Amino acid sequence: MSSLRHVHPRRASERGAETAVSAAPPVVVEGLCKQYVRGGIATPVLRGVDLRVERGECVFLTGPSGSGKSTLLAILGCILTPDAGVVRILGENLGLLDAHRRTLLRRQRIGFVFQRFQLLRGLTALHNVAVPLQLCGVPPATALVRAMRLLEQVGLRERAHALPSQLSAGQCQRVALARALAVEPELILADEPTANLDEHHGLEAMRLLRELAAARGRTLVVVTHDVRILPFADRVFRLEHGRLQPWEARLVDAGGTTGV
Amino acid sequence: MLALWSIALRTLVAERGKFITALVGVVFSVVLVNVQGGLFLGLLRKASLLVDCGGADIWVGHRGMFNVDLAADIPRRWVYRVRSVPGVAVAQPYLLGHSTMTLPDGGFESVLVIGCERSTLLGNAWMMREGRAADVVRTDGIIVDAWEAVKLGDPQVGSLREIGRRRARVVGTSDGILGFLITPYVFTTLDRASEFLHKPSDVCSYVLVQLEPGADAHQVCHEIRRRLPKADAWPREVYSRMCVEYWIRRTGLGISFGCSTLLGLLVGMVIVAQTLYASVLDRIQEFGTLKAMGADHGQLYRMLLAQAVFMAALGSAGGVILVALIVGAFSTPVAPIVTPAWLVGASTVLVVVVCVLSSLLPFWRVRRVDPLLVLQS
């Protein structure tokens, strides 16, 4: 727990090597249960989910709508807390962290890529990428220099000063990828990163995300319905009826309508 | 913190329409507070103008004196008693009283006649537009204010009037010596004032005192009161304050101006709060995104606070400029708008406080934003 207090995003890349807790797998989930109560009726969403993701690994989670993929991702991202089971994210047992420390963990060590990009409308691409750094207290000037470097890496240097409304969907998602990497997070969580993109841009965005994560040795967990991008995964899991099971390779290779 | 300000200001300015609406609200608040406050101060200044600018260090009058324009008669012989008090350099009788001026068209106007001793002219008119103040000693001489021209039938230097059925000749016009009451001041000499007012020559309204250098006004007042038990004596500043307080307490002026000023502040606060709140509602997803990225409530509140303070600062600056223009264009001796630095400063601080309070409403909404919503899109 103490590793959170002194973490600084500028040294995020060294954190894994320095801290003992970071030597553990970035994601360890054992017997995770989660239920929602609506109108007084409890609906179980996750029923004893087990998952272990190694450092630098790329894991995809698929499953039908309402199967609990987003709930699982929200728990891995410290947005939701489990009802039962043990969840260790980057060596931290979520059950032992208070809300503030979970927020710090999310801010400093986890990057998010959202389905609808979720860029701030009033900020340029450059400033959008700088937001996570500024939330971590990096001075604006330094944050902008680092944001520009990231935009270069996603091929958007020329569009750095464009507003989201002036960018195409593919460009917006590349800005979102750069933003997710801004604080050099050890764990990147992507929620349907290609859902709002056509085939070409979807594959391009996924390739870019995979390359950037791999180049930094980051761990990637992707929730997706898009079977076209499954080949990018090291392992694929299917979430159905609240349980997680390994995805069969033949279905991935088929690439057709698989019911995910 | 600086980093968050940067994000906050950029997102605020990006919503140009809403931003300008909020700014207008703040500017409106600042203008209303300053103009209302300025009119109030201007009115109060008129209430004590004679005391503040009459040239006397101490005002001696009937016991219980409370307002310069509403004086009671005192024996003129008190002047000699006052002159005998150590520290008094000059003591002169001063007469005030209501009379009626007959106008050239046959109409009439109530006036407040002010008579000063011709040897020193202590308490005579000062800001002159036409003629010299000293001309008041000329035969039948009176000085009226140029801003009262409409009431007094457009008096010019040399024109004749009748006051208390006595002939009066305008020998000069002053420029902005107006009292709190609607009754115009007419300056003349003490003896002529007695004639206009049909008062015996052995009474006056006040004894005006000028002190010797180094004399303590409060001590001299104390000594005067000791020697003249039926008199009251007050230093200029004290009597000035008494005159002002009289009108505030007797007329409820402070409450009325205070309410309208408060209303201005409230309107400004509602506009700023409503604008910030609407802006937050419009960007719920963005706040959810910020929360998902690890922004805590403290950071989000500081962002809203930054937006509110920025609007307050910019709105105050715009408001102060507008107030300066309004004062330049509309402030006259009839309706003076007095905006001292402390009023401008206090109104700015008030508006900033109001804007900061306004930011609490949208924050209340932001607190309830669930970051999960950005994963459920």
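The chains referred to below are lettered A, B, ... by the order of the sequence lines, with proteins before strands, and numbering in each begins at 1. Computed from a predicted structure; not experimentally measured.
- Once rounded to the nearest 0.5 Å, the distance linking NE2 of A:His100 with NE2 of B:His297 reads 12.5 Å.
- Among B:Leu12, B:Asp296, B:Thr11, the residue with the largest count of heavy-atom pairs under 4.5 Å with chain A is B:Asp296.
- Proximity to chain B is absent for every atom of A:Ala143, based on heavy atoms less than 4.5 angstrom apart.
- In terms of heavy-atom proximity, A:Leu135 sits nearest to B:Gln299 at O-NE2, 2.7 Å.
- Checking side-chain atoms of B:Arg10 against main-chain N and O of A:Gly122 turns up no donor-acceptor pair under 3.5 Å.
- Interface residue A:Arg179: only side-chain heavy atoms are found under 4.5 Å from chain B.
- With sequence neighbours excluded, no residue forms a side-chain hydrogen bond (donor to acceptor under 3.5 Å, both in side chains) with A:Gln166.
- Listed by sequence position, A:Ile79, A:Leu80 are the residues of residues 78-85 of chain A in contact with chain B, using a 4.5 angstrom heavy-atom cutoff.
- Contact of A:Leu119 with chain B is made through the backbone alone, with heavy-atom distances under 4.5 Å.
- Listed by first and then second residue, the salt bridge (charged side-chain N to carboxylate O under 4.0 Å, His left out) pairs that reach into residues 347-375 of chain B come to none, sequence neighbours excluded.
- Within the model, atoms CZ of A:Arg107 and NZ of B:Lys291 stand 12.5 Å from one another, a figure rounded to the nearest 0.5 Å.
- Annotation: side chain to side chain donor-acceptor pair (under 3.5 Å) contacts involving residues 345-355 of chain B, sequence neighbours excluded, comprise B:Asn34-B:Ser347.
- Most heavy-atom pairs under 4.5 Å with chain A, from the set B:Ala292, B:Ala14, B:Gly298: that is B:Ala292.
- Counting only heavy atoms from C-beta outward, the side chains of A:Arg121 and B:Glu286 approach each other to under 4.5 Å.
- Here the closest non-hydrogen pair linking A:Ala74 and B:Leu372 is CB-CD1, 3.3 Å.
- B:Gln285 contributes no side-chain N or O that, together with a main-chain N or O of A:Gln118, makes up a donor-acceptor pair within less than 3.5 Å.
- One distance of note links SG of A:Cys136 with CE of B:Met293; it measures 10.0 Å at 0.5 Å rounding.
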